[in-house]
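Proteins come first, then strands; the chains are lettered A, B, ... in the order of their sequence lines, and each starts at number 1. These numbers were taken from a predicted model, which means no experiment stands behind them.
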2 protein chains.
Amino acid sequence: MANGRSPSVKDVAASAGVSLGTVSNVMNRPEVVSPATRERVERAMAELGFVRNESARQLRAGTSRTLAYVMLDGSNPFFHDVAQGIELAAEDADLSLFICNSNGRADREAVHLDRLMQQRVQGVLITPVDPEAPHLAEIGRRGIPIVIVDRVGAGGASCSVAVDDVLGGRIAVEHLAEQGHTRVAVVGGPESIGQVRERVEGARQIWAELGLPPGDLTYLPTSALTVAEGRSAGERLAGIPARRRPTAAFCANDLLALGLLQQGIGAGLRVPEDLAIVGFDDIEFAAAAAVPLTSVRQPRQELGRSAAQLVLDEATNPEHRHQQLSFVPELVARASTVARPRPH
Amino acid sequence: MANGRSPSVKDVAASAGVSLGTVSNVMNRPEVVSPATRERVERAMAELGFVRNESARQLRAGTSRTLAYVMLDGSNPFFHDVAQGIELAAEDADLSLFICNSNGRADREAVHLDRLMQQRVQGVLITPVDPEAPHLAEIGRRGIPIVIVDRVGAGGASCSVAVDDVLGGRIAVEHLAEQGHTRVAVVGGPESIGQVRERVEGARQIWAELGLPPGDLTYLPTSALTVAEGRSAGERLAGIPARRRPTAAFCANDLLALGLLQQGIGAGLRVPEDLAIVGFDDIEFAAAAAVPLTSVRQPRQELGRSAAQLVLDEATNPEHRHQQLSFVPELVARASTVARPRPH
DNA sequence: GGTCGGCGTTGAAATGTTTCATCGGCGTGT
DNA sequence: ACACGCCGATGAAACATTTCAACGCCGACC
C-alpha cells in the first residue's frame, strides 16, 4: 500500500484514465472539466490519498501561499495578539502564516529574513529590532512586500502600521497629572528600543507643557521590558527618600508595570493610594492583575490585521502606494490609578 | 537592475563562467570544488544577489527544512513557552519552525494539518483538540513523523510528550490538604479537554485517599480555560453560603487561577487566608501576580524541546521506536497558599 | 612513453505541478 | 453535405534545483 513516496498527479491521472493536465484542471479550474471526468478524478484522488505537492506548485507558479511575521519578543503577549490579527487576515486571503521570533536580536532576525526570502514568501510583516537595518531594505529591494509593524519604517520606503507612541506617553502622564500627581516616575528601557524612546519623549513633552518642574519627572531606566525588570525598578523606586519619591509611575509597557505592581504590593504599598501605575499596550493580563492596571491601549489585533491588508495590497495591487498608518492610542483607566470608594 | 525575477543558479553559473552543477556544489559540498572557482562563484552570487529557491530545492530533495507546531490555544502563554522550546531544538537542527494555532477548533486544526502535508514538512508537533481524531492518524500514515505534545496519543501509535496530569492534580490538592483545608473547590472545564479531566481526576483520587468526604470537594465547571472564566467561577464560589464555602481552590490552569484571584481580591477576600489558590502550568505570569500564585509546574520549554527531539529522531533514525515521555509535575508553593508572617 | 588514478568540472536527468497551444469530436447552421 | 465553432481533453514546455555518471586533464608510476 505505502510504496514509500506519495502519489503524484501522474499517478492520479493514470488511475483515473485521463491526462495529467486534466487532473490539474480539476484542482485549479473545476468548471472547465466535465462533471463525469471530474468525479472520476476526484475519486481517484481520494483512493490514492493524493496530496498536492506545494513546492512543485510554488516552483511553477513562482509565488507561495504564505505570509510571515517576524516578531520582536515572543514572551510578550502583545505580539501574539498582533500575530492573531495577522492570522485572521491571512485566513481570509487563504494564506498560511509563518511566525518567527527574533527575540530582540538582530542576528536572529537576519537569519529569519534570509530563510523567508529563500521560501519566496508573499510578504513579510515585521516588528524590527531596528527599522533602519540594511537587511530590511534588502527584502524590499528583492520585490518582496514588507510592512513594518508597531514602528515606522525608514523614510517611507515601506508601509508601516503603528500607534503614535509619543501621544501614548502624553496621555499616560497627563492622566497621572490629572489625578493630582506632581512627582512621577517614568520606567523603561533600553533606549535602543524606539518605542521606549518615543513613549518617554511623550511623557517629557506633556510634563513640560503642564509647567511642572523637570526634576520631578524621574526616569528609571531598565535593561529590558520584562516583569523582572519591573520588579527591579520598583526596588529602586522604594530606595528614593519618601519626600522626593514619585507617587506615580508610567511604565513603557505592561510587563514592566506588572512587575512594578507586584513589587509594590509585596512591599506593602497600597495601589493607587501610595503608588499609582500606568502601563502601556493593554495586554489581557493588565486587566487581570489583582489591581487592574490602567494602561495605554493599542489596538493590538487591528494593528496586525491592517498590516496584513497592506502587505496583501502591495502584493496584488500594481498601483499600490506605500502608506504609514498611525493609530491613536487610548487610555484605559482602571483601579491602579483611580481609587475606588473603599468598603469600610 | 531589477529585471523582475531573481537570479537563478543558471545566471550565477553564466556570470562565473562555470556550469550550473558547480554552483550547486559550491552551495552543498564546498569541499569538492577548488578554492579558486569556489571564490569566483561566491563572488558572482554576491554580485547578483542570488538567493536559493527553497521550493526547487525541496522539490528535488523531496524533503523540506521545516518543522511545524500546531498549538491548542494561542492566548495561553503556556503554549508559547512550549513553542519556544521547540524552536530552540529546531534551531540546533537548522530547521525552521512553522507555528499554527487551532484555537481549540478541530476544523481549524484539520485545515492546518492539510496545509502542512502539502508543504511536506519534516515533522509535526501538535497539542491536539482530540488525540483520537482521524486526521492525526492520517498524518502518521503518510509517513510524516508526528509527536503529540501535552497529551498522550491514541494507543501508542505515535510518540508523545506530556506530564502526568493525574499526578499534578493529586499534588495540588494534597498540598491544600496539608495546609489544613477541608473544603476545596476544583475549577475547570470543559470536560472535553483531556488535560482537565485528568487533573480533576487526580484531585478526586487524592481526596478519597485522604479519607475526606467527597461532598467537601466542590467541582466548579467552566466553559473555557480563560481568565474571564476564572472570574466567573469566583463569583459562583462567592455565592456559596459561608459555612459550606470552600476555603481553597485548585484551578485546572493558571489563567483560571489568575481570574479567580482577581475576582477574590476585588471582592475583598484575603489570599490565602480567606481563599487559598493553586493553579496549573506555572506560566510566568503566575509568579508575577500580585499575590504570587502557587502552581503545579510543567517543564514547559523542556516539553517542547524533547518533543522536537523525538520528531527529529523519527525523521532521521530508521530504527526509531515510538515512545511516550512523561514528565513529573512539581508543586511550586507561593504566597497564594502559604501565608507569610504578616508585617504587624 | 604509455597507462592508470584521481581530482575537478560538466551536462543531462529527474523532481511534481501549472499553463497553454493544440487537437479531436460533435452539434449546428447554411 | 460541408464548414464552422465550441467544449473538453491532451501533452509538452517551463520552473530552479540536486544528483550522478561521465569526461578531460594532469601527474605519477611502471
Side-chain angles (χ1 to χ4, degrees), chain A residues 3-42 44-45 48-66 115 117-122 142-143, chain B residues 3-42 44-45 48-66 114-115 117-121 142-143:
Chain A
N3 71 351
R5 92 182 200 308
S6 62
S8 74
V9 180
K10 201 189 296 185
D11 301 320
V12 174
S15 161
V18 297
S19 81
L20 81 193
T22 302
V23 177
S24 175
N25 281 337
V26 169
M27 293 190 285
N28 301 309
R29 347 177 170 49
E31 68 281 1
V32 315
V33 36
S34 77
T37 46
R38 177 173 7 160
E39 214 225 324
R40 198 144 38 92
V41 170
E42 272 160 357
M45 284 177 159
L48 296 175
F50 170 78
V51 175
R52 184 219 242 98
N53 183 325
E54 174 65 18
S55 335
R57 205 216 103 258
Q58 195 174 133
L59 172 59
R60 171 64 227 225
T63 165
S64 75
R65 301 292 296 160
T66 55
R115 263 208 250 267
M117 288 177 44
Q118 293 189 16
Q119 312 243 14
R120 303 290 195 271
V121 291
Q122 276 229 338
R142 277 239 141 44
Chain B
N3 72 349
R5 91 184 201 307
S6 62
S8 74
V9 181
K10 201 188 297 184
D11 301 320
V12 174
S15 161
V18 297
S19 83
L20 82 191
T22 301
V23 177
S24 174
N25 282 337
V26 169
M27 293 190 285
N28 302 309
R29 350 176 168 51
E31 69 281 2
V32 314
V33 35
S34 77
T37 46
R38 177 174 4 159
E39 213 225 325
R40 197 144 39 94
V41 170
E42 272 161 357
M45 283 176 159
L48 297 175
F50 170 79
V51 175
R52 184 220 240 99
N53 184 325
E54 175 65 18
S55 336
R57 207 216 102 257
Q58 194 174 132
L59 171 60
R60 172 64 227 225
T63 166
S64 74
R65 301 293 295 160
T66 55
D114 196 54
R115 264 208 250 266
M117 288 178 44
Q118 294 189 14
Q119 312 242 15
R120 302 294 194 270
V121 290
R142 279 240 139 44

The bend of the helix from C:dG1-D:dC30 to C:dT30-D:dA1, taken between the axes of its five terminal pairs at each end and rounded to 10°, is 60°
Distance col, row B:Ser8:OG vs B:Asn53:CG, nearest 0.5 angstrom, shows 9.5 Å
Across all chains, not counting sequence neighbours, the side chain to side chain contact (heavy atoms under 4.5 Å, CB included) partners of B:Ala61 are B:Arg57, B:Thr63
Comparing B:Arg38 with A:Arg57, nearest DNA chain C nucleotide closer to 5' gives the residue B:Arg38
How would you label the contact of B:Ser55 with the nucleic acid (heavy atoms, under 4.0 Å): base, sugar-phosphate, or nothing? nothing
Determine the contact category for B:Arg29: base if any of its heavy atoms lies under 4.0 Å from a base atom, sugar-phosphate if only primed atoms, P, OP1 or OP2 are that close, otherwise nothing. sugar-phosphate
Discussion item. Please tell me if B:Asn53 has a side-chain N or O lying less than 4.0 Å from either OP1 or OP2 of D:dT17.
Written reply: no
Looking at A:Ser34, I'd like to know whether one of its side-chain N or O atoms comes within less than 4.0 Å of OP1 or OP2 on D:dA9.
yes
Minimal heavy-atom distance between A:Ala56 and B:Leu59, with the atoms involved, is CB-CD1, 3.8 Å
inquiry  = Taking only side-chain N and O atoms of A:Arg120, does any of them lie within less than 4.0 angstrom of OP1 or OP2 on D:dA16?
reply    = no
For B:Arg120, the side chain to side chain donor-acceptor pair (under 3.5 Å) test, sequence neighbours excluded, returns A:Ser6
Note: contacts of residues 17-27 of chain A with DNA chain D (heavy atom, under 4.0 Å) are A:Val18, A:Ser19, A:Gly21, A:Thr22, A:Asn25
Hits for side chain to side chain contact (heavy atoms under 4.5 Å, CB included) against A:Thr66, two or more places apart or cross-chain, chain-then-number order -> A:Ser64, A:Ser96, A:Val121, B:Phe98, B:Gln119
DNA chain C: first to last nucleotide in contact with chain A (atom under 4.0 angstrom from a heavy atom), 5' to 3', is C:dG16 to C:dT19
